[in-house]
**Q** 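Below: one structure in structure tokens.
In this text the structure is predicted, and so the values were computed from the model without any measurement.
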Amino acid sequence: RNANNPNNSTMIAAVRTSAVRAATRRPMSTTSAPKMHKAKDTWGELVKTRPPPGHDHTVFEPPYSTPVIAAFTVGIISTGYGMMYFGMRHQQYKQGYWK
């Protein structure tokens, strides 16, 4: 083999470049790290939104309206049943089991 062969030096350069690229590690992401939100940064604003001391505050405070709750419950159950039934009906017609 001839060391002065131009094809030989080009091949060596290509192998070296490939080896260098394979050996280097790229970071998983090129974006910056996520911003860390700290409670201490907004603690003053959070305390302002709390109820006054001594006030027993729950999320769902009674009294509840029975007709409204009943209508809401029936509506949710009916909607769920209807979606399942019409999805099944569509598939039955689509696949040819029902005509």
**Q** Same cluster for F72 and Y64 if Ile/Leu/Val/Met/Phe/Trp/Tyr side chains link at under 4.5 Å?
**A**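 No, F72 does not connect to Y64 through the hydrophobic network.
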**Q** Any donor-acceptor pair under 3.5 Å linking the side chain of T49 with the backbone of L46?
**A**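 Between the backbone of L46 and the side chain of T49 there is a qualifying donor-acceptor contact (under 3.5 Å).
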**Q** Please tell me whether F86 and Y97 are part of a single hydrophobic cluster in this structure, the criterion being side-chain heavy atoms less than 4.5 Å apart.
**A**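 Result: yes, single cluster for both.
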**Q** With a cut-off of 6.0 Å (strictly less than), are more than 12 heavy atoms of other residues, nucleotides or ligands near CD of E45?
**A**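 Counting other residues, nucleotides and ligands, CD of E45 stays at 12 neighbours or fewer.
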**Q** Using a 6.0 Å cut-off, check whether atom OH of Y81 has over 12 heavy atoms from anything other than its own residue.
**A**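 Not buried by this count: 12 neighbours or fewer within 6.0 Å.
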**Q** Fit a plane to each ring of Y85 and W98, take the angle between them on a 0 to 90° scale, and name the class: parallel (under 30°), tilted (30 to 60°) or perpendicular (over 60°).
**A**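 It falls in the tilted class, 30° to 60°.
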**Q** Walk me through whether Q92 and R89 qualify under side-chain contact (heavy atoms from CB on, under 4.5 Å).
**A** CA-CA 5 Å; Q92 294 291 349; R89 179 179 176 269; 5.8 Å; no
